[in-house]
There are 2 protein chains.
Amino acid sequence: MKDVAALAKVGLSTVSRVVNGDNRVSDAKTAAVLQAIRELGFRRNDSARQLRVGATQSIGLVIENVIDPFFSHLTHAVENYSLERNTLLLSASSTRDPERTRRLVLEFCARRVDGLIVTPADTEETGYLQAEMDAGTPMVFVDRPPRGIEADTVLTGDRSGAARGVAHLIRHGHRRIACVTDRGQLHTAAQRLAGYRDALDAAAIRYDPELVYSATPSVENFRTPVARMLALDNPPTAVFTGNNRSTVAILRVMAGWDTRPALVGFDDFELADALHPGVTVVAQHPAEMGRAAAEQLFRRIGGDTGPPRHTILGTTLIPRGSGEIPPSRK
Amino acid sequence: MKDVAALAKVGLSTVSRVVNGDNRVSDAKTAAVLQAIRELGFRRNDSARQLRVGATQSIGLVIENVIDPFFSHLTHAVENYSLERNTLLLSASSTRDPERTRRLVLEFCARRVDGLIVTPADTEETGYLQAEMDAGTPMVFVDRPPRGIEADTVLTGDRSGAARGVAHLIRHGHRRIACVTDRGQLHTAAQRLAGYRDALDAAAIRYDPELVYSATPSVENFRTPVARMLALDNPPTAVFTGNNRSTVAILRVMAGWDTRPALVGFDDFELADALHPGVTVVAQHPAEMGRAAAEQLFRRIGGDTGPPRHTILGTTLIPRGSGEIPPSRK
DNA sequence: TTCAAATATGAAAACGTTACCAAACACAAG
DNA sequence: CTTGTGTTTGGTAACGTTTTCATATTTGAA
């Protein structure tokens with residue numbers, strides 16, 4: 001910029017004005033500056049600008065993992081929203097590692113992002129989050145609330161959604177319904193399990209712990225426990241799964257079985273409709289969640305200092321066949 | 001930092017030294033500084049630091065769309081690699097919009113990212129890319145080469161991979177094989193179509209343009225053309241699809257059909273194995289591509305000025321059933 | 001003691017911008 | 001011919017760091 005000023009034989013301020021489209025600069029000088037800029041191939045250094053101006057025009061997004069379609073849809077929505085706001089997105093996957101989460105959040109804050117959208121790792125020690133918020137970085141939490149912190153959240157109606165899914169199975173005649181979820185420490189898993197129990201209670205069905213299994217979803221983790229469940233004297237005739245990873249894992253476990261229990265999964269996934277039978281799901285709306293979180297964050301960045309706002313997004317039950325299978329004859 | 005220096009009654013430089021772990025500062029002062037830092041809740045402003053030091057410790061990633069699993073896997077690999085290098089990732093989806101791509105690249109460069117990994121939009125005017133590279137931002141292109149620019153690329157062996165997929169169908173007795181791909185302008189689509197022809201040629205099968213259809217993949221776009229193809233006098237007994245979006249769309253189109261042609265898809269996707277029959281694919285390795293691209297980019301950032309390097313990653317044929325269906329009886 | 005070498009320290013310049021301020025100039029009105 | 005008002009201008013001080021350099025201060029022989 002100095003060079004441009006020199007070449008165009010004008011003051012530094014004039015160059016700055018031209019670059020910023022300030023119109024009160026004579027046509028002659030504007031032309032000279034533009035010429036010099038072209039000649040030198042000058043491009044303004046935005047990070048220097050931001051240092052001076054005090055806003056980085058960037059926000060951070062810490063999710064669990066981009067490769068999970070739930071989070072990639074959420075990410076895309078945040079991306080779009082912030083792009084409209086001329087803000088760039090620093091994003092990263094925590095991969096459920098609390099240490100990595102912490103590191104990412106801290107690094108984002110050190111770079112002075114204008115705000116942060118975070119899916120907190122479940123086991124997390126959250127003190128540092130509070131500290132960074134106090135230091136002035138607005139944060140909104142998405143999918144899961146942070147432990148012991150009062151802050152903006154955008155969550156799915158996990159409990160009621162799960163209850164609706166299970167009620168759907170009950171409505172189709174099931175009384176023995178298994179529940180397979182992600183690790184119990186996970187807030188969403190716990191909520192959905194609670195919803196499962198709500199539905200049972202509402203139908204006066206006894207809760208049977210033998211029908212419940214929680215673990216990090218994978219075919220290996222689920223195979224034996226699920227097989228064991230279905231070999232019980234009084235086996236479940238239906239299964240409710242607590243998230244898309246669990247649903248997919250269960251589908252793999254049951255691949256090739258001749259007779260399958262009814263299935264309702266929490267969270268939709270691609271090709272759920274193309275399977276046989278199609279998989280009935282309680283769909284979340286990740287894109288809407290992302291957008292809602294971004295909206296709230298920008299509200300905060302814009303200076304809103306109102307009380308924490310908790311947004312809960314509803315779910316949509318999508319019957320596709322697997323949830324409408326009746327209980328097999330005794 | 002100034003405040004810390006004042007409170008600790010030391011010079012600015014001393015604070016800086018302590019913050020950076022420079023060991024040649026007395027224990028007494030170190031303690032005082034640390035104390036002041038704690039008291040004031042000071043955190044270094046990394047973007048200011050970077051302005052001074054001259055490297056932003058961040059790279060940009062412009063992909064087509066995060067919600068495409070191919071790209072989300074790629075993204076995750078880049079994320080991991082750059083995190084190891086203590087570098088943050090600015091990422092964004094171009095959504096195939098050349099104008100958006102351009103804007104993103106330019107904005108990343110304006111922020112002086114240390115480097116850029118780009119999936120160029122297919123119809124793109126690429127002059128600005130060259131300009132930014134000349135201005136000193138290293139770039140590596142992934143999945144597709146940029147039009148008319150000599151630069152590092154990391155691509156899949158599209159042509160040979162497609163040929164292998166089609167050869168697989170031929171080996172199972174098919175002679176009438178349809179090819180359904182993404183828009184022809186798309187580099188990868190064109191390459192894969194070429195691979196399809198290679199395989200036909202190798203088997204001395206006449207290329208029949210009636211069996212080829214290209215369009216942006218969607219159920220609506222594919223339904224009629226595919227139905228028409230299969231209603232030909234001499235219909236295809238097998239279909240080769242050019243990418244995961246196309247494969248999924250075709251699966252939806254054919255959902256519920258009583259008799260289905262054999263199918264081999266380019267690019268793997270979740271649940272391909274859980275369908276009936278499982279979908280045979282020529283799998284790409286998006287994570288490896290991401291990693292390779294990141295490696296090459298960091299090599300450049302590290303100062304490597306060697307000639308452009310072109311990495312081509314192989315594909316893996318995964319037979320799952322759909323590709324092994326024999327031609328239906330005449 | 002004395003001197004050289006090593007070590008600790010702080011002042012000030014730099015990184016590339018923007019923003020404030022005052023100076024210079026033009027022009028119209030009195 | 002003043003005076004006032006408005007427009008362009010450039011100088012300079014920030015923004016929050018790091019780094020260079022020169023100046024203490026200490027240390028360890030001689």
Side-chain angles (χ1 to χ4, degrees), chain A residues 1-34 36-37 40-58 86 88 106-114 132 135-137, chain B residues 1-37 40-58 86 88 106-114 135-137:
Chain A
M1 198 151 183
K2 244 179 3 205
D3 304 340
V4 173
L7 181 60
K9 298 193 203 311
V10 300
L12 208 50
S13 340
T14 303
V15 178
S16 174
R17 276 189 274 261
V18 170
V19 168
N20 291 332
D22 190 326
N23 54 352
R24 40 191 206 164
V25 46
S26 70
D27 293 353
K29 302 239 169 192
T30 305
V33 169
L34 255 29
I37 285 181
L40 266 48
F42 163 85
R43 18 262 297 155
R44 164 170 80 188
N45 181 329
D46 265 342
S47 38
R49 160 171 225 277
Q50 288 149 8
L51 170 61
R52 180 59 232 245
V53 175
T56 60
Q57 301 270 86
S58 61
N86 258 294
L88 257 33
L106 258 27
E107 241 168 283
F108 285 167
C109 288
R111 287 175 194 229
R112 300 293 191 269
V113 291
D114 296 338
E132 295 299 332
T137 308
Chain B
M1 199 152 185
K2 244 181 1 207
D3 304 341
V4 174
L7 180 59
K9 298 197 205 312
V10 301
L12 208 50
S13 346
T14 303
V15 178
S16 174
R17 277 190 272 263
V18 170
V19 169
N20 291 333
D22 190 326
N23 53 352
R24 36 189 209 167
V25 47
S26 71
D27 294 353
K29 301 239 169 190
T30 304
V33 169
L34 256 28
Q35 170 60 24
I37 285 180
L40 266 48
F42 163 86
R43 18 261 299 153
R44 164 171 79 187
N45 181 330
D46 264 343
S47 38
R49 159 172 226 275
Q50 287 151 7
L51 170 62
R52 178 59 232 244
V53 173
T56 59
Q57 301 271 87
S58 60
N86 256 293
L88 258 32
L106 257 27
E107 240 167 286
F108 285 166
C109 288
R111 288 178 193 227
R112 299 293 191 271
V113 290
D114 296 338
T137 308

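So you know, we letter chains A, B, ... as the sequences are listed, proteins then strands, and number each from 1.
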### Task
Please report the closest heavy-atom contact between A/Val10 and A/Val15, naming both atoms and the distance.
CG2-CG2, 3.7 Å
### Task
Return the value, rounded to whole Å, for the distance between atom NZ of B/Lys29 and atom P of D/dT26.
11 Å
### Query
According to a strict under-4.0 Å criterion, is A/Arg52 in side-chain N/O contact with OP1 or OP2 of D/dA14?
no
### Task
Using a cut-off of strictly less than 4.0 Å, decide whether B/Ser16 has a side-chain nitrogen or oxygen near OP1 or OP2 of D/dT18.
yes
### Task
Measure from the side chain of A/Phe42, starting at C-beta and using heavy atoms only, and say which of C/dC20, C/dA8, C/dT17 lies closest.
C/dT17
### Task
Compare side-chain N and O positions of A/Lys2 against OP1 and OP2 of C/dT17 and report whether any pair is under 4.0 Å apart.
no
### Most 5' of A/Asn45 and B/Val10 on DNA chain C, judged by nearest nucleotide
B/Val10
### Query
Quick one: A/Gln50 CD to C/dT17 P, roughly how many Å, whole number?
12 Å
### Task
Using a cut-off of strictly less than 4.0 Å, decide whether A/Ser47 has a side-chain nitrogen or oxygen near OP1 or OP2 of C/dG16.
no
#### Entry: Nearest-angstrom distance from the residue atom CZ of B/Arg17 to P of C/dG10
8 Å
#### Entry: Minimum-distance pair of heavy atoms, taken over all atoms of B/Val19 and B/Arg44
CG1-NH1, 3.8 Å
### Query
According to a strict under-4.0 Å criterion, is B/Thr14 in side-chain N/O contact with OP1 or OP2 of C/dT9?
no
### Message
With a 4.0 Å cutoff (strictly under), does any side-chain N or O of B/Arg44 reach OP1 or OP2 of D/dT17?
### Response
no
### Upstream residue (5' side of DNA chain D) when A/Ser26 and A/Leu12 are each assigned their closest nucleotide
A/Ser26
## Note on the structure
Side-chain contact check for B/Arg24: nearest option of C/dA8, D/dG10, C/dG16 is C/dA8
### Query
Quick one: which of D/dT18, C/dG16, C/dT9 gets closest to the side chain of B/Leu51?
C/dG16
### Query
How close do A/Ala48 and B/Leu51 get, heavy atom to heavy atom, and via which atoms?
CB-CD1, 3.8 Å
### Task
Figure out the CG/P separation between B/Asp3 and D/dG16, and round it to whole Å.
9 Å
### Query
Think B/Ser13 has a side-chain N or O under 4.0 angstrom from the OP1 or OP2 of D/dT19?
no
### Query
Does atom CG of B/Asn86 have more than 12 heavy-atom neighbours from other groups under 6.0 Å away?
yes
### Task
Using a heavy-atom cut-off of under 4.0 Å over every strand shown, decide if A/Asp46 touches base, sugar-phosphate, or nothing.
nothing
### Task
In whole angstrom, give the distance that lies between atom CZ of B/Arg111 and atom P of C/dG16.
18 Å
### Query
When you check the phosphate oxygens OP1 and OP2 of D/dG10, does a side-chain N or O of A/Lys9 lie under 4.0 Å from one of them?
no
### Message
Any N or O donor-acceptor pair under 3.5 Å from the base of D/dG16 to the side chain of A/Arg112?
### Response
no
### Message
For A/Thr56, is there any backbone N or O sitting under 3.5 Å from a side-chain donor or acceptor partner on B/Arg111?
### Response
yes
### Message
Return the CG to CD distance between B/Leu40 and B/Gln35, rounded to the nearest 0.5 Å.
### Response
10.0 Å
### Summary
Between CG of B/Asp22 and P of D/dT17 the distance, given in whole Å, is 17 Å
